[in-house]
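Below is one structure, written out as structure tokens; the observations come after it.
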Amino acid sequence: MNDTLGDMRRSHHCNALGAADAGAQVVLMGWVQRRRDHGGVIFIDLRDREGITQVVFNPDRNAAVHEKAHAIRSEYVIAVRGVVEKRPEGMTNPLLATGEIEVMVSELKILNRAQTPPFMIEDQVDVNENTRLANRHIDLRRPSLQKNIMMRHRAAAAARRYLNDQGFLDIETPFLTRSTPEGARDYLVPSRLNPGSFYALPQSPQLFKQLLMISGFERYYQIVHCFRDEDLRADRQPEFTQIDMEMSFVGEEDVMAEAEGLIAAIFREVGRIEASPPFARMTYQEAMDRYGLDRPDTRFGLELCDISDIVAESGFNVFSNTVKKGGIVKALNARGCAGFTRKEIDDFTDFVAVYRAKGLAWIRVKEGEWQSPITKFFSEEEKQAMAARLDMQPGDLVFFGADQPVIVNESLGQLRNHLGKKLGLIDENAYAFVWITDFPMFEYDETEKRYQALHHPFTAPAEEDLAKLASDPVSMRSRAYDLVLNGSEIGGGSIRIHQKDVQVRVLEALGMDRAEYEEKFGFLLSALDSGAPPHGGIAFGFDRLMTILCNTSSIREVIAFPKTQKGACLMTAAPASATPAQLSELGLKVRRVEQS
RNA sequence: GGGGGCGUAGCUCAGUUUGGUUAGAGCGCCGGCCUGUCACGCCGGAGGUCGCGAGUUCGAGUCUCGUCGCUCCCGCCA
């Protein structure tokens with residue numbers, strides 16, 4: 001039963017044959033998608049990665065082979081030799097690329113049997129993700145996943161081709177490296193040869209690619225795995241892939257131009273849509289002002305509007321007190337939404353509460369009057385100013401957020417995206433790119449009572465802001481840039497610090513003393529002092545980019561073997577406990593093991 | 001660390017609100033019949049630790065508590 005290939009070798013894939021091939025002797029190999037046994041003639045839909053071809057076993061044409069075909073079941077792996085025949089009149093299948101023909105089988109080899117699959121190899125059945133991930137090798141046979149994974153390959157190939165042509169060198173960097181402070185939690189790997197010491201898996205090859213610039217390679221790239229031990233999301237995996245690049249003797253414009261060329265090359269390859277650089281630009285400040293988020297979805301309007309100045313002295317204490325305490329009041333005019341029910345508005349209040357907004361004020365604009373619990377608190381003057389600035393027309397529904405800027409911007413920005421979807425304002429076929437520039441260099445961390453780098457500590461400050469390092473770090477801008485596509489951050493980078501003294505001053509601003517930065521970044525500082533060229537780069541989240549290009553909602557649909565939200569691999573049951581012998585070799589002791 | 005959703009046949013789900021006979025359906029699977037189907041058709045059949053564990057009760061898929069897993073989100077992710 002378990003035939004070997006013998007002298008059979010595949011002549012065509014299962015989507016290759018058409019009417020023009022009629023009469024040809026062919027050999028096809030693949031998996032049995034479906035068997036239709038009519039008692040006499042047996043039809044089999046044979047599937048390989050390229051498509052499906054119907055093969056036919058006819059007792060009148062070859063009784064022995066027809067007999068053998070009775071044993072075939074779903075997902076058996078078979079090889080067939082036969083003649084391509086045009087299907088009889090009226091028997092063609094227009095839904096199949098190969099629907100004009102079929103292969104009349106003269107020789108059958110059953111290469112392997114298969115258990116009945118736990119779910120059907122079809123796109124339309126939606127299966128529990130548990131079951132899918134536990135049987136990922138079967139899940140991956142489904143056409144949609146095959147398509148995603150193959151598109152991912154083509155995108156990666158296009159990226160490599162483009163970067164190779166632009167003079168970038170593909171250079172590998174280590175996975176077993178050193179834990180760096182700041183940023184995400186590291187995955188640690190114990191060192192057997194140095195008990196008690198640990199490697200860290202890289203969050204990104206950041207410092208290595210800078211060192212490669214200092215070494216004189218001038219242009220580097222790598223499609224590389226990165227690791228971050230943080231909680232997962234629909235768009236976040238513990239290990240993920242970056243298209244990472246770095247260039248010497250460049251400024252922002254040079255990196256952004258190469259990045260645009262790269263993205264355009266990828267889009268051209270996957271044939272999705274033309275991405276035509278140069279992409280739009282927006283400063284961080286403008287993005288926050290107009291959209292509330294540093295990753296604005298610019299496919300639709302519905303922009304936020306600051307009205308703090310109008311309501312600063314108003315009788316509505318929620319607004320005026322917020323402004324007095326340094327907060328802001330922003331509004332969002334949902335055009336024509338006055339018809340929303342009280343229940344719907346309450347749902348929006350719940351929606352923004354998730355982002356720590358304490359409430360959501362609103363005004364329904366009716367002909368000649370405002371319907372709202374807060375209207376009575378405003379003076380005529382204030383109302384007129386609001387109406388003018390927000391262009392309030394009858395039929396509009398205006399939402400207000402009042403709180404500290406981070407909360408107002410985040411909650412109203414998310415509400416804006418939510419409304420954009422709910423109201424159908426988003427053109428699903430549009431690809432809206434925008435560069436976000438002029439990020440702040442630092443932000444103040446209230447819990448840790450110190451400054452933190454918004455991007456990372458190796459990002460160069462804007463040269464004209466360097467003087468503020470000691471006096472007013474929060475007002476400094478950095479030379480960082482993010483590329484945003486349809487409201488999703490797909491890449492980010494910066495011009496790096498290439499002078500030791502500047503790097504030292506930045507590390508000091510982050511609260512490190514000399515002993516600490518020498519211990520943690522001594523190698524970098526020494527390298528910067530050895531003839532470091534001005535350099536900068538960018539990294540793209542390849543999985544996220546593919547999620548958008550494949551038009552799917554989960555990053556797991558573009559990764560062959562993804563992990564669950566708790567970082568488990570349901571196929572291999574990783575992570576798993578280590579044996580006492582392994583632990584002992586590593587000099588480790590597990591403090592407590594629960595469960596059984 | 002926190003909040004929401006889900007877990008019943010191989011798969012998708014109904015049944016849970018209001019506890020009560022032997023837990024159902026579709027698909028799939030197995031067997032039989034069938035020579036032109038392509039979601040083939042017809043007939044018959046098998047298949048269940050209702051995620052797991054306690055508790056309440058004469059009686060639990062259904063109520064209570066705990067727990068595990070998957071998922072979405074907040075925090076986190078320079």
Side-chain angles (χ1 to χ4, degrees), chain A residues 33-46 52-61 66 73-75 85 87-96 98-99 102 104 115-122 124-135 138-139 180-186 203-204 206 226-238 240 350-357 407 410-411 414 418 439-443 445 447-448 451-459 478 480 489 492 494 506 510 541 553-554 556 563-566 568 570 573 594-596:
Chain A
Q33 176 70 25
R34 192 169 266 114
R35 182 183 66 123
R36 290 179 294 279
D37 183 346
H38 286 251
V41 66
I42 297 174
F43 299 99
I44 281 176
D45 290 338
L46 188 64
I52 283 179
T53 298
Q54 173 167 283
V55 302
V56 186
F57 299 86
N58 190 323
D60 302 335
R61 305 280 288 269
H66 173 262
R73 294 293 181 272
S74 286
E75 297 308 304
E85 296 185 356
R87 294 197 189 181
E89 199 60 35
M91 300 299 162
T92 61
N93 183 351
L95 300 176
L96 215 55
T98 58
E102 59 197 9
M104 189 61 66
Q115 293 293 319
T116 302
F119 47 84
M120 306 265 277
I121 317 297
E122 292 170 348
Q124 50 271 37
V125 269
D126 68 316
V127 183
N128 209 322
E129 196 145 14
N130 259 346
T131 312
R132 292 181 54 198
L133 290 177
N135 301 277
I138 292 170
D139 193 26
T180 52
E182 309 261 336
R185 193 178 293 112
D186 287 313
Q203 297 174 26
S204 84
Q206 181 59 37
C226 302
F227 307 84
R228 292 178 191 177
D229 189 4
E230 296 292 346
D231 287 357
L232 276 24
R233 288 285 190 284
D235 63 352
R236 232 193 271 164
Q237 283 274 302
F240 60 98
D350 292 343
F351 178 87
V352 296
V354 165
Y355 303 97
R356 289 173 296 165
I407 292 177
E410 179 76 13
S411 58
Q414 297 284 2
H418 185 65
F439 281 85
M441 182 82 184
F442 301 104
E443 61 188 347
D445 185 325
T447 45
E448 297 203 22
Y451 295 107
Q452 286 201 332
L454 200 76
H455 195 61
H456 58 56
F458 319 111
T459 297
S478 73
E489 183 206 322
S494 64
V506 167
L510 292 170
S553 56
S554 162
R556 295 183 297 277
K563 302 228 174 354
T564 69
Q565 199 164 39
K566 288 190 76 181
L570 295 183
E594 285 162 3
Q595 304 153 29
S596 53

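Lettering of chains follows the sequences in order, A, B, ..., and the numbering in each one begins at 1.
Among B:G36, B:A39, B:U35, the nucleotide with an atom closest to any side-chain atom of A:P59 is B:U35. Residue A:V354 has its side chain nearest to B:C73 when only B:C73, B:U71, B:G36 are considered. Each of B:U35, B:U71, B:C70 was ranked by its minimum atom distance to the side chain of A:V41; first place goes to B:U35. Picking from B:G36, B:U35, B:C73 the nucleotide with the shortest atom distance to the side chain of A:E102 gives B:G36. When distances are taken from the side chain of A:R233 to each of B:G10, B:G75, B:C77, the shortest belongs to B:G75. For A:H38, counting side-chain heavy atoms from C-beta on, the closest listed nucleotide (B:U35, B:C38, B:C70) is B:U35. Nearest nucleotide to the A:Q565 side chain, out of B:C34, B:C11, B:U71: B:U71.
The phosphate of B:C40 (OP1 or OP2) has a side-chain N or O of A:R36 nearer than 4.0 angstrom. A sub-4.0 Å separation between OP1 or OP2 of B:G69 and a side-chain N or O of A:K566 is present. Applying the 4.0 Å criterion to OP1 and OP2 of B:G75, one finds that A:R356 has a side-chain N or O inside that range.
Rounded to whole angstrom, the span from the CD1 atom of A:I44 across to the P atom of B:U35 amounts to 17 Å. Whole-Å rounding puts the A:F119 CZ to B:C13 P distance at 14 Å. In this structure, A:E75 atom CD and B:C11 atom P are separated by 16 Å, rounded to whole Å. What separates NE2 of A:H66 from P of B:U35 is a distance of 9 Å, to the nearest Å. Taking atom NE2 of A:H418 as the reference point, atom P of B:C73 lies 14 Å away to the nearest angstrom. Note: CG (A:N93) to P (B:U37) measures 11 Å, nearest angstrom.
Residue contacts for A:S411: at a heavy-atom cut-off of 4.0 Å it reaches no nucleic acid atom on any strand shown. Among the heavy atoms of the strands, none lies under 4.0 Å from A:I52. Residue-level contact check: A:Y355 touches the backbone only, with heavy atoms under 4.0 Å from sugar-phosphate atoms and none from bases. As judged by a 4.0 angstrom heavy-atom cut-off over every strand, A:T92 is placed among the base-contacting residues.
Using P as the reference atom, B:U62 and B:U57 are 16 Å apart when rounded to the nearest Å. Rounded to whole Å, the C1' atom of B:G15 lies 9 Å from the corresponding atom of B:U8. The same atom, P, is picked in B:U21 and in B:U16; the two are 13 Å apart, to the nearest Å. Comparing B:A39 with B:C13, their P atoms sit 23 Å apart, to the nearest whole Å. The P atoms of B:U17 and B:G28 are separated by 33 Å, rounded to the nearest whole Å. The separation of B:C42 from B:U37, taken at their C1' atoms, amounts to 15 Å, rounded to a whole angstrom. With P as the reference atom, B:G10 and B:C30 are 15 Å apart, rounded to whole Å. Comparing B:G69 with B:G32, their P atoms sit 45 Å apart, to the nearest whole Å.
For B:U37, the base is stacked against the aromatic ring of A:F43, per a cut-off of 5.5 Å between centres and 30° between planes.
Counting distance only, with no hydrogens placed and no angle test, the side-chain atoms of A:R228 and the base atoms of B:C77 include no donor-acceptor pair under 3.5 Å. No donor-acceptor contact under 3.5 Å links the side chain of A:R556 to the base of B:C70. You won't find any donor-acceptor pair under 3.5 Å spanning the side chain of A:N130 and the base of B:C70, going by distance alone. For A:N128 and B:G7, a side-chain-to-base donor-acceptor distance below 3.5 Å is absent, hydrogens and geometry of angles not being considered.
In this structure the side chain of A:T116 never reaches within 4.5 angstrom of the side chain of A:R73, judged on heavy atoms. Two residues are said to be in side-chain contact when any heavy atoms from C-beta on lie closer than 4.5 Å; A:I121 and A:I138 meet this criterion.
Annotation: side-chain contact (heavy atoms from CB on, under 4.5 Å) contacts of A:D45 (sequence neighbours excluded): A:Q33, A:R34, A:R36, A:I52, A:Q54. Looking at residues two or more places apart in sequence or on another chain, you find a salt bridge (charged side-chain N to carboxylate O under 4.0 Å, His left out) between A:E129 and A:R556. When the salt bridge (charged side-chain N to carboxylate O under 4.0 Å, His left out) test is applied to A:R35, the partners found at least two apart in sequence or on another chain are A:D37. With sequence neighbours excluded, the residues forming a side-chain contact (heavy atoms from CB on, under 4.5 Å) with A:L232 are A:P238, A:Q565, listed by chain and number. Taking the salt bridge (charged side-chain N to carboxylate O under 4.0 Å, His left out) definition, one finds that A:R356 meets it with nothing, sequence neighbours left out.
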Taking N or O atoms only and anything under 3.5 Å, show me the protein contacts with nucleotides 27-30 of chain B, one pair per line.
unit_1 : atom_1 : unit_2 : atom_2 : d
B:C30  : OP1    : A:R73  : NE     : 2.9

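Closest heavy-atom contact between A:P117 and A:E75: CG-CG, 3.8 Å.
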